[in-house]
Novice: 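Take a look at this one; I'll ask things after.
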Protein chains: 2
Amino acid sequence: MAQMTTSVEYGIHCLLWLVVADDTPLSSRDLAELQGISPSFLAKIFPKLEKAGIVHATGGVRGGYRLARAPEKISFLEIVDAIEGRKPLFDCQEIRGRCAVFGGKPPAWATGGVCSIHAVMLRAEKSMRDTLAAETLAGVAKSVGRKAPAAFPHDIRAWLEARVSKRGAARKRAAPS
Amino acid sequence: MAQMTTSVEYGIHCLLWLVVADDTPLSSRDLAELQGISPSFLAKIFPKLEKAGIVHATGGVRGGYRLARAPEKISFLEIVDAIEGRKPLFDCQEIRGRCAVFGGKPPAWATGGVCSIHAVMLRAEKSMRDTLAAETLAGVAKSVGRKAPAAFPHDIRAWLEARVSKRGAARKRAAPS
DNA sequence: TAAACGCGGAGTACTATAGTCCGCGTTATG
DNA sequence: CATAACGCGGACTATAGTACTCCGCGTTTA
């Protein structure tokens with residue numbers, strides 16, 4: 001029927017991690033390796049979320065991304081629009097006005113208002129968008145959280161910390177020339 | 001967001017003409033020229049509608065397509081699925097199981113059931129499909145019919161007949177060698 | 001019997017998606 | 001204070017899907 005891009009999938013998964021991280025900045029590289037997805041591709045997605053005001057970026061060494069708002073106030077619809085850019089479901093080509101019996105000059109009754117087919121598609125799109133608008137990051141994060149054992153958030157924090165330590169170790173290995 | 005293809009747009013417009021034609025077969029070429037769209041492209045769409053049992057084809061000189069069922073029993077959803085082939089809105093890549101802390105062997109709690117993000121997308125898709133399923137060819141044809149003047153169906157039949165006559169004329173011109 | 005039909009395969013042009021690689025300016029830290 | 005870790009943006013590539021076209025086959029009917 002249509003396509004929610006991989007970018008949207010990646011983006012939402014990452015935002016869910018940012019909910020867990022609870023205001024500690026996470027870099028796009030960390031987020032990518034934590035989830036086994038492409039770091040360079042993920043790096044193209046986050047600026048869009050930032051421009052949409054969903055996420056806040058901080059530069060520099062310990063920088064990264066944090067949610068710009070409470071997860072209760074971030075809907076799936078917003079995220080999808082931020083990443084994919086509000087492409088309409090249906091691109092009406094106004095075929096009704098091209099009817100050969102009009103001979104190039106369609107009468108007003110044929111071209112007035114919204115095309116009936118287009119109208120149906122607009123309703124279908126609205127249904128989808130309404131469903132997406134009703135779903136929030138906080139809601140989904142909660143349902144994910146219910147499935148995970150209590151120790152899981154701790155494991156995540158440990159993994160993230162371990163990465164920072166490893167970076168320190170690499171530095172020590174390279175530095176004492 | 002997603003894409004309803006041009007094929008769907010063309011297909012529905014044609015089916016609406018078949019409602020007007022009321023069981024007189026219309027060829028894909030006639031349908032194409034009546035609406036100012038590509039005949040060769042339209043010819044690729046109709047076999048799909050035929051395989052889906054929406055339309056019935058008759059071969060030979062005065063052949064063409066007729067609706068296989070009453071327009072009240074043909075939903076937009078059926079048409080879209082027939083032409084585009086039931087592609088899902090969202091293609092879940094099961095990222096939840098790739099989390100680095102699982103080390104390649106995700107636990108059952110992480111992979112069981114439907115991914116929460118996927119579940120949201122499935123609900124959104126269902127909303128859209130439900131809207132499309134509620135809309136029938138007859139319903140839309142009626143709303144189109146209300147806009148057109150009473151003489152319009154007659155004009156259409158005249159145009160269609162004129163095409164057949166022209167073909168006869170071309171034949172007469174070529175035949176008496 | 002030839003022109004008008006439907007059907008299917010092959011091929012083309014264009015656009016979007018998914019992804020990579022690079023260099024820039026910024027910032028914390030050893 | 002240099003460097004490595006950050007975000008950001010531009011340029012690039014490969015693949016796939018969309019929107020077509022063209023051709024030839026078998027059928028039908030005037």
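Below, chains carry the letters A, B, ... as their sequence lines are ordered, and counting in each starts from 1.
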Novice: I want to check one thing: is the phosphate of C:dT17, taken as OP1 and OP2, less than 4.0 Å away from some side-chain N or O of A:S7?
Specialist: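 Looking at the OP1 and OP2 atoms of C:dT17, neither is under 4.0 Å from any side-chain N or O of A:S7.
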Novice: Under 3.5 Å, which donor-acceptor pairs do the side chains of residues 42-62 of chain B form with other protein atoms, sequence neighbours left out?
Specialist:
unit_1, atom_1, unit_2, atom_2, d
B:E50, OE1, B:A57, N, 3.4
B:H56, ND1, B:R66, NH2, 2.9
B:T58, OG1, B:G64, N, 3.3
B:T58, OG1, B:G64, O, 3.4

Novice: Rounded to the nearest angstrom, tell me the gap between atom CZ in B:F41 and atom C1' in C:dA10.
Specialist: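 B:F41 atom CZ is separated from C:dA10 atom C1' by 16 Å.
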Novice: Can you list the steps and then say if A:E78 with A:R69 is a salt bridge (Lys or Arg N to Asp or Glu O under 4.0 Å)?
Specialist: CA-CA 12 Å; A:E78 255 189 298; A:R69 275 176 277 151; 2.8 Å; yes
Novice: A:R66 CZ to D:dG7 C1': how many Å, rounded?
Specialist: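 Atom-to-atom, A:R66 to D:dG7, this comes out as 14 Å.
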Novice: Would you say B:Q93 and A:T6 make side-chain contact, with heavy atoms under 4.5 Å?
Specialist: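 Touching, per the 4.5 Å side-chain cut-off.
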Novice: Between P on D:dT21 and CD1 on B:I37, what's the gap in Å once rounded to a whole number?
Specialist: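 These atoms are roughly 11 Å apart.
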Novice: Taking only N and O in the side chain of A:T5, is any of them less than 4.0 Å away from OP1 or OP2 of C:dA16?
Specialist: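 No, because none of the side-chain N or O atoms of A:T5 sits under 4.0 Å from OP1 or OP2 of C:dA16.
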Novice: Not counting sequence neighbours, list each pair that qualifies as a side chain to side chain donor-acceptor pair (under 3.5 Å) and has a residue in residues 31-43 of chain A.
Specialist: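 As it turns out, the side chain to side chain donor-acceptor pair (under 3.5 Å) pairs with a partner in residues 31-43 of chain A, which skip direct neighbours, are A:W17-A:Q35, A:E33-A:R163, A:S38-A:S40.
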Novice: Classify A:T6 by what it touches in the nucleic acid, base, sugar-phosphate, or nothing, heavy-atom distance under 4.0 Å.
Specialist: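 Result for A:T6 = sugar-phosphate.
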Novice: Under a 4.5 Å cut-off applied to non-hydrogen side-chain atoms, are A:S7 and A:F41 in contact?
Specialist: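 The answer is yes, as the side chains (C-beta and beyond) meet within the 4.5 Å cut-off.
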Novice: Calculate the interatomic distance between A:M4 atom CE and C:dA16 atom P; express it in whole Å.
Specialist: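 These atoms are roughly 18 Å apart.
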Novice: Please determine if a side-chain N or O atom of B:R62 lies less than 4.0 Å away from the OP1 or OP2 oxygen of C:dA3.
Specialist: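 False: B:R62 side-chain N/O out of range (4.0 Å or more) of C:dA3 OP1/OP2.
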Novice: From CG of B:L31 over to P of C:dG6, roughly how many Å is that when rounded to an integer?
Specialist: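 So the two atoms are 9 Å apart, to the nearest Å.
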Novice: According to side-chain hydrogen bond (donor to acceptor under 3.5 Å, both in side chains), who are the partners of A:E72, at least two apart in sequence or on a separate chain?
Specialist: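 Not a single residue meets the side-chain hydrogen bond (donor to acceptor under 3.5 Å, both in side chains) criterion with A:E72.
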Novice: With a 4.0 Å limit, can you tell me whether A:R163 has a side-chain N or O closer than that to the phosphate oxygens OP1/OP2 of D:dA5?
Specialist: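 Checking A:R163 against D:dA5: no side-chain N or O falls below 4.0 Å of OP1 or OP2.
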Novice: Which parts of residues 42-52 of chain A get close to DNA chain D, meaning a heavy atom less than 4.0 angstrom away?
Specialist: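 Of all residues in residues 42-52 of chain A, the ones placing a heavy atom under 4.0 Å from DNA chain D are A:K44, A:P47, A:E50, A:K51.
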Novice: Rounded to whole angstroms, how far apart are CD on B:Q3 and P on D:dA19?
Specialist: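 It is 8 Å, rounded to the nearest whole Å.
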Novice: Rounded to whole Å, how long is the line connecting atom NZ of A:K87 with atom P of D:dG17?
Specialist: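 Whole-Å distance recorded here is 16 Å.
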Novice: Look at the rings of B:F102 and B:W109 and say which category their plane angle falls in: under 30° parallel, 30 to 60° tilted, over 60° perpendicular.
Specialist: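 B:F102 and B:W109: perpendicular rings.
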Novice: Using atom CG of B:L160 as one end and atom P of C:dC5 as the other, report the distance to the nearest whole Å.
Specialist: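 My rounded result for the distance is 10 Å.
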Novice: With the threshold set at under 4.0 Å for non-hydrogen atoms, list the residues of residues 9-16 of chain A touching DNA chain D in residue-number order.
Specialist: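 Result for residues 9-16 of chain A: none.
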Novice: Look at the side chain of B:V61 and decide which nucleotide, out of D:dT28, D:dC6, D:dC20, has an atom nearest to it.
Specialist: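 Nucleotide nearest to B:V61's side chain: D:dT28.
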Novice: Any luck finding a side-chain donor-acceptor pair between A:E84 and A:T5 under 3.5 Å?
Specialist: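 Yes, because at least one side-chain N or O of A:E84 sits under 3.5 Å from a partner of the opposite role on A:T5.
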Novice: Whether the B:T131 and A:S127 side chains hold a donor-acceptor pair (N or O, under 3.5 Å, no angle test) is what I'd like checked.
Specialist: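 Their side chains do contain a donor-acceptor pair, which is all the 3.5 Å distance test asks for.
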Novice: Of the nucleotides C:dC7, D:dC8, C:dT27, which one has an atom closest to the side chain of B:A57?
Specialist: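 So the nucleotide nearest the side chain must be C:dC7.
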Novice: Consider the side chain of B:S40, meaning its heavy atoms from C-beta on, and name the nucleotide among D:dT21, D:dT28, C:dT20 that approaches it most closely.
Specialist: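 Given the options D:dT21, D:dT28, C:dT20, the side chain of B:S40 is closest to D:dT21.
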Novice: Which donor-acceptor pairs under 3.5 Å do the side chains of residues 139-151 of chain B make with protein atoms, sequence neighbours left out?
Specialist:
unit_1, atom_1, unit_2, atom_2, d
B:S143, OG, B:V140, O, 3.0
B:K147, NZ, A:G112, O, 3.0

